[in-house]
Amino acid sequence: MINNKDLVLKSLDIISSKGCKNARVTLSQGKQTLFSVRDLKLDRLQNSESTSLYIQLYNNGKYGAFSTNKTSLIDLDNFIDKALSITKLINTDECRDLPHIDSYYKGDKTYEDLCQYDNSIDSISNEEKIENAINSCSEVDLSNSIITSINCDFSDYKEYSCIADTNGFIGESKISNFFINGECSIKGENDSRPEGWWSESSIFYTDLKKEGVCTKAYERALSRLNSRKVKSKKYNLIIENIVVSRLIAPILSALNGGSIQQNNSFLIDSLGKKIFSDKLNIFDSAHQKRRSGSRYFDSEGVKTTERYIIENGIVNLFFINSYFSKKLNMPITIESSSVPTLEWKSGLSLDLPILISQTDEAILVNGFNGGNVNSTTGDFSFGINGFYVRNGIIKHPINEMNITGNIIELWSNLEMVCSDFRESGKWILPSVMFGGVNFNGL
Amino acid sequence: MNSIDISYLNLFGVSEKQINSILKSALSKGGDYADLYFESSSSNEISLRDKIVSSAGYHVDYGMGVRVLKGDQTGYAYTEETTLENMQNAALTASSIAINSKTVIEPVNINKIHSFKKNSRYSQIVTWDSISVNYKKIILSKIDEQIFLADSRVVKVIARISDSESKVLFVNSDGVSFSDCRPMFSIAVSVIMKDGSRTENASVSRSFRGGVELISDNLIDSIINEVITKCSFLFKATQPKGGQMSVVMGSGSSGILLHEAIGHAFEADFNRINTSIFSDKLGKKICPDYITVVDDPTIPYNRGSLNIDDEGNIAKKTYMVKDGILTSYLHDKISSDFYKTEPTGNGRRESFRHMPLPRMTTTYMEDSNCKEEDLIKEVKKGVYVDNFSNGQVQIGVGDFTFYVKSGFLIENGKLTKPIKDINIIGNGPQALSDILGVANNLKIDNSTWTCGKEQYCAVSCGMPSILVNNLIVGGVE
């Protein structure tokens with residue numbers, strides 16, 4: 001069997017030899033281990049190793065996308081034959097083509113290592129991984145009768161990927177990730193079992209915050225005791241940093257070229273226009289070191305750029321890949337964001353406790369429960385849980401409530417952006433506050 | 001002598017002797033039980049956008065997983081190459097869940113073999129790999145043309161046909177084996193319509209386990225009519241004023257309520273570890289007498305149907321709630337051993353990459369004796385909902401939600417203003433006891449429902465119309 005880059009190049013050779021002039025081949029090879037400890041006992045161990053070869057054919061405007069994990073040369077040859085025979089039957093779409101070579105990442109000596117891979121990943125023993133999970137569970141006193149279950153997962157993941165196409169682009173990358181997740185279930189009122197969770201992740205093992213995960217999960221479960229609904233009306237909405245992504249994601253999705261081209265976006269015709277609050281600044285920190293998601297090129301080989309997606313409420317960027325570039329007659333930008341960063345431009349240091357202490361009345365949301373967004377209109381409705389805040393103090397937990405409105409209107413009413421972003425995770429998001437949001441409860 | 005279907009052994013390049021040897025390795029460190037799950041899947045999709053059938057795909061996924069149980073502990077590993085060496089390595093990795101155990105047992109020789117060549121719940125007359133891409137292109141073009149003809153406000157159509165076939169071979173250390181061929185297809189259509197300055201979107205899908213013969217003109221016409229009707233409706237609709245109110249859920253896709261509010265909380269893994277709000281309720285009355293809820297994988301060609309689960313237990317109809325009493329959880333092997341009860345045939349997995357978990361198949365509520373119009377008449381102020389996109393539940397506290405794409409206000413017993421884009425939230429045990437009436441119009445919904453509990457599994461749901469009190473309905477002032 002051929003490995004890694006050679007397999008990708010061999011695949012391109014086979015494709016070319018069979019008459020297809022334009023193609024891209026992407027190889028992903030991943031390995032994951034997971035150890036799950038429940039109530040101090042090893043509950044599950046899992047070991048996974050996966051290979052996926054993804055082939056995109058652009059045969060004179062006829063396009064097909066194919067994948068297989070059977071990568072022996074005989075299997076590959078047969079697979080490519082089948083892929084080509086299917087592609088021949090597809091209708092011609094002139095917009096289907098590889099990107100223009102000017103848009104590719106070409107590499108440069110000035111490009112520094114983005115620090116996406118921990119070379120020590122294979123040296124960490126299974127015993128140490130299990131011990132990490134057990135130690136985290138041990139933070140919580142299991143003899144406490146209120147606890148029904150405490151669970152901790154430790155997992156690690158590494159992936160090599162290689163992208164090459166017939167324009168001559170070749171890009172390789174390696175990433176690693178370590179995760180520790182705690183979940184705690186406790187006895188609540190009326191047979192309920194409130195749960196709390198907490199997780200930490202990092203690219204480098206030494207950066208992983210292993211301590212305090214299950215303690216936080218337990219504290220978050222405890223904080224949900226005696227939850228109740230409050231009256232339906234408009235409240236200020238404070239969102240804890242760990243769940244802000246739920247309200248940013250619809251904006252990023254609406255900026256996608258596919259959504260724009262299909263008229264399935266509430267941000268059509270918004271490029272260059274002020275749509276949101278002056279306080280909304282979303283930057284793509286694509287080259288931030290030691291941050292998951294950082295990259296020099298996307299899945300088409302197109303180079304990434306650090307830039308504002310939204311600046312002072314003005315839409316600065318649509319995510320346009322090669323296909324939608326031709327469909328929309330717009331230049332290629334990038335297929336998607338890399339490391340979306342919600343910036344606080346005030347320069348003031350502000351975290352969640354301070355924000356709460358300065359708030360007269362609000363609902364602090366620290367979890368979502370279902371809901372959705374109408375991609376065409378931006379209308380949304382989400383289930384939430386969190387806390388009722390009055391006179392700068394958290395009064396009691398709330399549950400079984402919805403927030404409802406429109407994404408554009410919501411982000412136009414952005415009042416405060418904190419500086420308390422988390423160090424782990426792909427998105428850099430601090431806690432935020434909005435004014436006048438519809439809450440539906442009693 | 002019992003023998004495994006030779007075509008499946010050949011497909012995976014293994015012999016019964018090798019299988020026995022892998023099982024031995026899996027149990028070599030003291031595991032109580034082991035199983036091997038071989039799977040070879042292929043899938044196709046083809047899609048139309050901007051009036052061009054401009055994309056097609058073909059995907060192959062192949063491998064085998066080894067699971068070892070020691071009590072309620074699980075070791076799992078898989079390989080994508082079924083060489084004896086790789087399979088033995090996977091078996092040894094999974095076996096380490098039982099490390100330090102002193103007693104080693106031997107796998108039992110295969111003595112019970114299930115095959116479904118003659119009695120499958122999803123036998124195919126015309127298989128998907130026997131038809132050409134051109135056949136699918138004709139269907140997609142017809143859908144596109146008819147939608148544009150039907151309404152001048154249509155500006156975009158995306159239509160897609162996907163099909164797959166998964167061949168599975170299973171053997172466990174208790175001597176049970178099965179082979180099964182599992183087809184699936186779905187047709188999904190999205191439209192964008194513009195009316196003046198307003199733009200709306202709607203999507204409709206149908207999915208079945210079965211062959212090409214299940215595609216008919218009626219099926220295609222129903223998709224076209226439904227997607228246009230749904231999208232047109234949205235131009236008249238607005239987000240209502242929210243709050244706590246009565247909700248009449250129309251028949252069919254309202255089954256999402258059962259899936260989220262009840263089904264997940266009845267999956268026995270959550271109850272076994274005492275984290276479900278229904279953990280202490282088995283055998284107890286949890287809702288009115290007129291409510292009976294089943295999980296039923298036996299419906300021919302249904303998306304949620306199975307011949308056998310992924311642990312070698314025949315998939316069968318299970319009454320979770322009968323006449324208002326919680327009669328059974330949904331079990332996998334670990335939970336049925338824990339509760340010392342018969343397996344219910346609900347041990348399912350997404351693929352060979354995943355260990356089985358208790359999962360729903362097709363979940364529905366049986367009919368009672370009310371009429372839908374009488375349920376609506378009961379409501380002074382509330383909403384009627386019958387078009388949903390997604391749902392979720394918090395198992396421990398029982399809070400469930402589902403997102404309503406469209407419906408109506410109910411004012412003084414009558415459907416009045418069209419509404420859309422609201423989330424509805426309630427609490428499972430409370431909502432069950434607040435079901436004030438169940439109609440006699442059960443309908444199974446054949447949309448492409450997929451459940452995402454740790455892994456993705458195809459499911460289906462159904463419901464007669466019901467009236468529920470005191471749910472929290474999303475809305476604006």
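Note that the structure is a prediction, hence the values are computed from the model and not measured.
Looking at A:Val437, neither its backbone nor its side chain comes within 4.5 Å of chain B, counting heavy atoms on both sides. At a 4.5 Å heavy-atom cutoff, A:Lys62 makes no contact with chain B through either its backbone or its side chain. In this structure, chain A has a heavy atom under 4.5 Å from the backbone of B:Val473, while its side chain stays farther away. The parts of A:Ser48 that come within reach of chain B are both its backbone and its side chain, each placing non-hydrogen atoms under 4.5 angstrom from that chain. In this structure, chain A has heavy atoms under 4.5 Å from both the backbone and the side chain of B:Ser55. The contact between A:Phe380 and chain B is made entirely by backbone atoms, counting heavy-atom distances below 4.5 Å. Of the atoms belonging to A:Lys231, not a single heavy atom falls under 4.5 Å from chain B. Interface remark: A:Thr33 contributes no atoms to any contact with chain B (heavy atom separation under 4.5 Å). Using a 4.5 Å cut-off between heavy atoms, A:Tyr58 does not touch chain B at all. Contact of B:Lys420 with chain A is made through the side chain alone, with heavy-atom distances under 4.5 Å. Residue B:Ile192 touches chain A through its side chain alone, counting heavy-atom pairs closer than 4.5 Å. In this structure, chain B has a heavy atom under 4.5 Å from the side chain of A:Asn385, while its backbone stays farther away. Of the two parts of A:Thr404, the backbone and the side chain both hold a non-hydrogen atom closer than 4.5 Å to a non-hydrogen atom of chain B. Using a 4.5 Å cut-off between heavy atoms, A:Phe382 contacts chain B through its backbone alone, with no side-chain atom that close. Residue contact with chain A, scored on non-hydrogen atoms closer than 4.5 Å, is absent for B:Leu48. If you measure heavy-atom distances from B:Asn390 to chain A, the contacts under 4.5 Å come from the side chain alone. Residue contact with chain B, scored on non-hydrogen atoms closer than 4.5 Å, involves the backbone and the side chain of A:Ser50 alike.
Environment of NZ in A:Lys229: crowded, with over 12 heavy atoms of neighbouring residues, nucleotides or ligands closer than 6.0 Å. Other residues, nucleotides and ligands contribute at most 12 non-hydrogen atoms within 6.0 Å of the CD atom of A:Glu409.
Of all the listed residues (B:Ser43, B:Ser190, B:Gly396), the one sharing the greatest number of non-hydrogen pairs under 4.5 Å with chain A is B:Gly396. Counting heavy-atom pairs under 4.5 Å between each of B:Asn134, B:Val133, B:Val155 and chain A puts B:Val133 at the top. For the set B:Asp72, B:Asn470, B:Val157, B:Asp399, the count of heavy-atom pairs under 4.5 angstrom toward chain A peaks at B:Asp399. Note on B:Tyr403, B:Phe278, B:Phe402, B:Tyr62: by heavy-atom pairs under 4.5 Å with chain A, the leading option is B:Tyr403. By number of non-hydrogen pairs under 4.5 angstrom with chain A, the leading residue of B:Gly63, B:Gly426, B:Ala94, B:Pro429 is B:Gly426.
Side chain to side chain, A:Asn47 and B:Thr93 fail the donor-acceptor criterion of an N or O pair below 3.5 Å. Using a 3.5 Å distance cut-off with no hydrogens or angles, the side chains of A:Asp153 and A:Asn181 do not pair a donor with an acceptor. A donor-acceptor pair shorter than 3.5 Å can be found between the side chains of A:Ser72 and A:Asp75. Looking only at atom types and distance, the side chain of A:Asn402 has no donor-acceptor partner in the side chain of A:Ser381 under 3.5 Å away.
Taking the ring centroids of A:Phe66 and B:Tyr58, they lie at or beyond the 6.0 Å cut-off.
Of the candidates A:Lys327, A:Lys326, A:Arg96, B:Asp50 forms a salt bridge (charged side-chain N to carboxylate O under 4.0 Å, His left out) with just one, namely A:Lys327.
Taking 4.0 Å as the cut-off between side-chain N and carboxylate O, A:Asp93 and B:Lys51 do not count as a salt-bridged pair.
With values rounded to the nearest 0.5 angstrom, B:Leu471 atom CG is found 7.5 Å from B:Asp434 atom CG.
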